[in-house]
Amino acid sequence: MMDWILNLVFSFTASYFFAVVFDAPKKLFLPAGIVGAVGWMMGQTFGIMFDLPLVMVNFIGAFTLGIMSHIMARVHKEPSTIFLIPGIIPFVPGGLAYDATSSIILSDYFGAVNIIMEVIISAGSIAVGILFAEQFALLFIKNRRLFFMKKR
Amino acid sequence: MKVEKLHIDDHEEQVKDVVMLAARILLEAGAEGTRTEETMNYIASHYGFVKNNSFVTNTVINFILHDQSYPRIYRIRERNTNLIKISKVNSVSRKLVRDELTLEEAFELLEQIYIKTKDHPIWFKTIAGAMIALSFLYLQDGLKIDIFTTLLAGGLGICVTELVKKQLTTQFIPEFFGGLTIALIVVTGHNYIPGGDLSTLLISSVMPIVPGVLITNAIQDLFGGHMMMFTTKSSEALVTSFAIGAGVSSVLIFA
């Protein structure tokens, strides 16, 4: 139980402070943090529940993130990128990329190539997740407003 | 840094001025190519120039209003990430299209955005970097003993990167020095507070200076069908991450 709460808190703070680093407007720090936390928690929950590999976890997380950022973009009337960018970074396979670099330094090229392939595939799964979310959002969000918003 | 004056008594030139300035602010703030081109076409077609065409990459803007007019080209020399500017230009273009602003007022507003919008102060970013590093220490299954080192390394890393970025417009150098600082602090801290995990420490402290905006925007441009922007953005991201890697590994070789 403690793990879940800490996961939630730290994924929130990560996205929140990335919004600071990338100079987002002050009033959007909180929504950006929420979007990031929701994406990360969805990925983790599904990953642990169904014992999924990293690629699927990344895909589900990125998909949720994309949907959330489009919803938030319509609610706050801001570009969806502002919410997407801080949220996506926890998924970036930084650890694997580091392992690849360090094995290149240690002249272990075979190991490095293996890890680099893994990095490319997990980055690709994030990209596909975002793409699906964007097209999915286009299906349901018409005329730049959500279905529960009133007509102007 | 200087903004050109708006043309007087020439509607077409005024439209061009507003469109070019909006695109310039967007690209210099690190927006995606699809968003920039969309905004340009949106504004121009609102004034009845339906046949306008635009083509932007990371470094250049091309824009033609209609077939019988002179094209405009602008070369973009420096870029950084600033989401406030993107959001503000977005709201100006929305208002322009809803006829709430005239061209003169819109140009004035864009000029204000271009000159007056400031980044968040560096001390704020330092704290943010420290907090990001701490969060990633947990998310990457780090150990409790490393908390102090990560906080210090993450904060100072982004502080050094931003300070060097203010002085130079080169691509490689700021992230290189950032990586160098982080690796120095992490290796020293790892020696004085033993028992931690060096690779987790390094990964989580490097996270604040990872080129996240570039990577995300490159992916979005790829799926938006904007291949040129994808190529230029991803090469920029590659240079940045290579700089971080070089900075970190030039310390690790001696450690």
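Quick caveat: nothing in here was measured; it's all calculated off a predicted structure.
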- Note on the structure: From the list B:V248, B:I86, B:V213, B:I219, the residue making the most non-hydrogen contacts under 4.5 Å with chain A is B:V213
- Per-residue tally against chain A (heavy atom, under 4.5 Å) across B:G245, B:S249, B:S199, B:S204 peaks at B:S199
Atom group of [X] that falls short of 4.5 Å from chain A, counting heavy atoms:
{"X": "B:N217", "answer": "side chain"}
{"X": "B:T216", "answer": "side chain"}
{"X": "B:E162", "answer": "neither"}

Can you check whether anything in [range] gets within less than 4.5 Å of chain B, heavy-atom wise, and list it by number?
{"range": "residues 78-88 of chain A", "answer": "A:E78, A:P79, A:S80, A:T81, A:I82, A:L84, A:I85, A:I88"}
{"range": "residues 40-61 of chain A", "answer": "A:W40"}
{"range": "residues 18-30 of chain A", "answer": "A:F18, A:V20, A:V21, A:F22, A:D23, A:A24, A:P25, A:K26, A:F29"}

- Considering residues at least two apart in sequence or located in another chain, which fulfil the ring-ring contact (aromatic ring centres under 6.0 Å, His included) criterion with B:F230?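 B:F230: no ring-ring contact (aromatic ring centres under 6.0 Å, His included) contacts found.
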- B:K165/B:E175 salt bridge by N-O under 4.0 Å criterion: yes
- Item | salt_bridge(B:R35, B:E32) N-O dist < 4.0 Å | yes
- Message: Against B:V19, only a single residue in B:T39, B:I43, B:N41 fulfils side-chain contact (heavy atoms from CB on, under 4.5 Å); can you say which?
- Response: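 When side-chain contact (heavy atoms from CB on, under 4.5 Å) is applied between B:V19 and each of B:T39, B:I43, B:N41, only B:I43 qualifies.
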- Query: For A:I89, is it the side chain, the backbone, both, or neither that has a heavy atom closer than 4.5 Å to a heavy atom of chain B?
  - Reply: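 Its backbone and side chain both get close to chain B.
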- Message: Between B:D197 (side chain only) and B:G142 (backbone N and O only), is there a donor and an acceptor less than 3.5 Å apart?
- Response: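 Not confirmed, B:D197 side chain does not pair with B:G142 backbone.
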- Task: Indicate yes or no for a side-chain donor-acceptor contact from B:D221 to the backbone of B:G33 under 3.5 Å, with no hydrogens or angles considered.
- Result: yes
To the nearest 0.5 Å, what is the distance between [atom1] ([X]) and [atom2] ([Y])?
{"X": "B:M207", "Y": "B:I244", "atom1": "CE", "atom2": "CD1", "answer": "9.5 Å"}
{"X": "A:D99", "Y": "A:N114", "atom1": "CG", "atom2": "CG", "answer": "12.0 Å"}
{"X": "B:I122", "Y": "B:I127", "atom1": "CD1", "atom2": "CD1", "answer": "12.5 Å"}
{"X": "B:T232", "Y": "B:H226", "atom1": "OG1", "atom2": "NE2", "answer": "8.0 Å"}
{"X": "B:I115", "Y": "B:I25", "atom1": "CD1", "atom2": "CD1", "answer": "9.0 Å"}
{"X": "B:I145", "Y": "B:T150", "atom1": "CD1", "atom2": "OG1", "answer": "11.0 Å"}

